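Because the structure is a prediction, the values reported are computed rather than measured.
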Amino acid sequence: MTTLITRRHLIASSGAAIAAVIAARPTPARAQGLAPTPSMRGGRNNYRPGAPIVERIGNGGFWMTGTVRRAGAGAPLAGQRIQIWAHTTEGHERDPQSHGATLTDANGVFRLEMPQIVPAFGQPHGHLAYDSGDFETVFLRPLMGSARDSSLEAHFVLRPV
């Protein structure tokens, strides 16, 4: 039996051979880690070091939520202190009653109820700070999509001190 090698057969088999060589070639290891969260401009405004850990700020109705993870591997960080404050229906962001802190759970998740955030300087926004000391301090100032939103989410990726 005679086997004819056509041009099409030659191209197809050559392409398969090249693909096999590329797939078998060792590739350099890449760091698959999370970069630390940078502090945001304006995030520190009206910050109060040592704000108390609270069950809720004011009468509630609005939820501030998020996560805290370690830079690099992204492991969740339990027991980390997150301070939260904002201009709300019950007070200005500079008022002591508008500040409170909470701790992350075993999965690095935090959640704190507070009064409805209202626009300050035209923008509805919250303030959050990681300030426990084991990692670099980070201040966040996330904006809400709308003043009618009933929650705001913020995520921290922290670098050890």
Side-chain angles (χ1 to χ4, degrees), residues 22-161:
I22 290 171
R25 186 180 61 189
T27 57
R30 293 186 184 141
Q32 296 296 321
L34 291 175
T37 304
S39 278
M40 298 175 92
R41 270 186 77 201
R44 187 181 181 102
N45 289 351
N46 297 305
Y47 169 68
R48 291 181 168 270
I53 293 176
V54 297
E55 293 287 323
R56 177 176 66 208
I57 298 172
N59 290 317
F62 183 92
W63 288 96
M64 187 71 77
T65 63
T67 58
V68 180
R69 298 187 294 168
R70 177 186 288 273
L77 294 171
Q80 299 303 309
R81 185 177 188 281
I82 300 295
Q83 184 180 153
I84 298 169
W85 69 101
H87 187 90
T88 71
T89 56
E90 296 178 19
H92 298 305
E93 61 186 51
R94 67 181 174 272
D95 298 337
Q97 74 269 17
S98 296
H99 290 250
T102 188
L103 298 174
T104 58
D105 67 14
N107 297 312
V109 174
F110 66 88
R111 179 175 160 104
L112 185 65
E113 190 177 13
M114 60 191 295
Q116 178 67 41
I117 291 177
V118 295
F121 305 106
Q123 300 174 315
H125 63 276
H127 290 266
L128 298 96
Y130 163 80
D131 62 355
S132 292
D134 297 331
F135 298 87
E136 291 180 4
T137 299
V138 175
F139 294 96
L140 298 180
R141 184 184 176 269
L143 299 176
M144 294 166 49
S146 164
R148 292 183 298 277
D149 291 348
S150 59
S151 66
L152 186 56
E153 204 173 275
H155 302 282
F156 292 81
V157 178
L158 303 176
R159 178 187 354 245
V161 175

If every non-hydrogen atom of [X] is compared with every non-hydrogen atom of [Y], which pair is closest and at what distance?
{"X": "W85", "Y": "N45", "value": "NE1-O, 2.8 Å"}
{"X": "P142", "Y": "E153", "value": "CB-O, 4.4 Å"}
{"X": "F110", "Y": "L103", "value": "CB-O, 4.4 Å"}
{"X": "T104", "Y": "L77", "value": "OG1-O, 2.6 Å"}

Residue pair [X] / [Y], side-chain heavy-atom distance below 4.5 Å:
{"X": "M114", "Y": "I84", "result": "yes"}
{"X": "F139", "Y": "D131", "result": "no"}
{"X": "V161", "Y": "D134", "result": "no"}

Roughly how far, to the nearest 0.5 Å, is [atom2] of [Y] from [atom1] of [X]?
{"X": "I82", "Y": "T65", "atom1": "CD1", "atom2": "OG1", "value": "12.0 Å"}
{"X": "R44", "Y": "L140", "atom1": "CZ", "atom2": "CG", "value": "13.5 Å"}
{"X": "W63", "Y": "R111", "atom1": "CH2", "atom2": "CZ", "value": "4.0 Å"}

Short question: side chain of [X], backbone of [Y] - any donor-acceptor pair under 3.5 Å?
{"X": "T102", "Y": "L112", "answer": "no"}
{"X": "R48", "Y": "G50", "answer": "no"}
{"X": "D95", "Y": "G91", "answer": "no"}
{"X": "Y130", "Y": "F135", "answer": "yes"}

Handout entry: Residue pair Q116 / R148, side-chain donor-acceptor N/O under 3.5 Å
Key = no
Practice task
Taking atom types as modelled, find out whether E90 and N59 have a side-chain donor-acceptor pair closer than 3.5 angstrom.
Solution key: yes
Handout entry: Sole residue of H99, H127, H87 in ring pair (Phe, Tyr, Trp, His ring centres under 6.0 Å) with H92
Key = H87
